[in-house]
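Here's the structure we're looking at; comments come further down.
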Amino acid sequence: MCCAHEMDTDASDARGKSLKRSARCIKRSIAVGAAVAAAVALQSTGGASAAPAPTPTPGQQIIGGPPAKQGEFPFMVRLSMGCGGSLIREDVVLTAAHCVDGSGPNTSITVTAGVVDLQNPKAIKVKSKEVAQAPGYNGKGKDWALIKLAAPIKGQETLHLAEDDNFDRGTFTITGWGADKEGGAQQRYLRKAKVPFVNTATCKKAYGDQLTPGDEICAGFMAEGGVDTCQGDSGGPMFRRDEDGDWVQVGITSWGEGCARPGKPGVYTKVSAFSAQIEKAANKLMG
Ligand code: ARG
């Protein structure tokens, strides 16, 4: 959870790790200065003062639209370190590499599924068993990871991965419990929004060498901003309908400069570039 708050952390050491990750995330975010680093650290340690948004953006309802309806996105899960994820098998969650600490046996993550309200007593909560981070992940591109669950989550629809770049266009849905504005608090209720595809040339102009074009896909309203993922949404899916009307995952929330700023689209891991590798890695997770 790059820069996310610690609202639902339950692992005792997650706070320290979170701060480390926050630092890593901020390093990548060129225009986010030390003031925000301090504010994030404050929030991460439970400080009460709200972070001032460094550059106020108009229309800061980041996740943009209304809250999601119960059952609308059954594949959407919340991870205890403050990230999102998608259920791609009954016992495998896809998230961002920057949300986890490498690969191997791991029982420290709690996955919450089946609810839009994180405080709903009917929430399904399952522990992790193993984590597989993208091979060669070093903080640039390749921002994906898998979490094998200690038990399958039954009765929730899984999300299919885009197998080629046919779906890397059009309008995408983004969902998450992350901040509803730059520097804002984590949300109790799942939010959703729609963002248009931004082509690689345009995104490259916005981000220069920070962008890893083959690995990443951008989305957002270039001219006006105002709708975006934000801190705490990382690892969650960006998805659209396929020709049969089924949801297909095209992206994993990864990073952006600030949130919802005009000219600074959200950057997502390009699922179609990694789906074969992801499926292979999922098959290799211990049963
Ligand atoms: N890195 C952030 C996280 O860990 C996600 C930021 C997405 N930012 C954006 N402007 N789309 O939650």
Side-chain angles (χ1 to χ4, degrees), residues 1-9 14 17-32 36-37 40 43-44 51 53-55 57 59-64 76-86 95-101 137 139-145 172-187 190-198 203 206-207 210-211 216-222 224-238 251-270:
M1 99 279 22
C2 185
C3 327
H5 316 258
E6 291 291 271
M7 186 178 112
D8 54 359
T9 291
K17 283 178 188 161
S18 156
L19 289 170
K20 257 188 276 155
R21 273 186 222 109
S22 298
R24 206 186 301 153
C25 170
I26 284 153
K27 248 188 274 153
R28 302 180 60 194
S29 221
I30 47 171
V32 179
V36 175
V40 167
Q43 287 165 348
S44 297
T55 316
T57 311
Q60 286 197 337
Q61 202 65 346
I62 305 299
I63 282 284
M76 184 69 203
V77 302
R78 176 73 172 179
L79 307 179
S80 52
M81 85 295 271
C83 277
S86 57
T95 186
H98 80 260
C99 289
V100 301
D101 278 330
Y137 173 72
K140 188 170 172 14
K142 301 189 188 65
D143 196 7
W144 64 268
F172 307 127
T173 298
I174 47 178
T175 50
W177 287 273
D180 66 342
K181 58 174 185 263
E182 202 174 305
Q186 299 294 291
Q187 302 293 300
L190 182 65
R191 293 180 157 277
K192 62 171 179 177
K194 283 185 177 176
V195 279
F197 171 71
V198 170
C203 198
Y207 287 124
Q210 280 195 300
L211 189 73
E216 293 172 330
I217 174 171
C218 305
F221 294 92
M222 281 303 289
E224 58 274 50
V227 185
D228 198 3
T229 44
C230 199
Q231 270 53 54
D233 291 324
S234 276
M238 177 170 81
I252 303 167
T253 301
S254 183
W255 62 279
E257 187 181 315
C259 301
R261 297 184 187 179
K264 299 293 174 185
V267 184
Y268 300 80
T269 307
K270 192 205 249 302

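Note that ligands are numbered from 1 as they come in the structure, with each ligand's atoms numbered from 1 the same way. Please read all numbers here as calculations on a predicted model, not as lab measurements.
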Under the side-chain contact (heavy atoms from CB on, under 4.5 Å) test, residues paired with Phe197 that sit two or more places apart: Phe172, Asn199, Ile217
Could you tell me, atom by atom, which parts of ligand 1 come under 4.0 Å of a heavy atom of [X]?
| X | answer |
| --- | --- |
| Asp233 | 12 (O) |
| Gly266 | 11 (N) |
| Asp228 | 9 (C), 10 (N), 11 (N) |
| Cys259 | 10 (N) |

Exercise: identify the closest heavy-atom pair between Lys140 and Leu211: NZ-O, 3.3 Å
Do the side chain of [X] and the main chain of [Y] share a donor and acceptor less than 3.5 angstrom apart?
| X | Y | result |
| --- | --- | --- |
| Tyr207 | Pro265 | yes |
| Glu182 | Gln231 | no |
| Thr269 | Gly141 | no |
| Lys264 | Cys259 | no |

Does any N or O of ligand 1 fall below 3.5 Å from an N or O anywhere on [X], backbone included?
| X | result |
| --- | --- |
| Gly232 | yes |
| His98 | yes |
| Glu257 | no |
| Thr229 | yes |
| Gly258 | yes |

For ligand 1, the portion of Cys83 having any non-hydrogen atom under 4.0 Å away: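 None of Cys83 does.
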Nearest neighbour of atom 2 (C) of ligand 1 from the list Gly178, Cys99, Ser234, on a heavy-atom basis: Ser234
Within-shell test, Ser254 vs ligand 1, heavy atom, strictly < 4.0 Å: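 The answer is yes, since Ser254 has a heavy atom less than 4.0 Å from ligand 1.
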Pairwise side-chain contact, Lys192 with Met76, heavy-atom cut-off 4.5 Å (strictly under):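 No, too far: nothing below the 4.5 Å cut-off.
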4.5 Å side-chain heavy-atom contact, Tyr268 and Thr253: yes
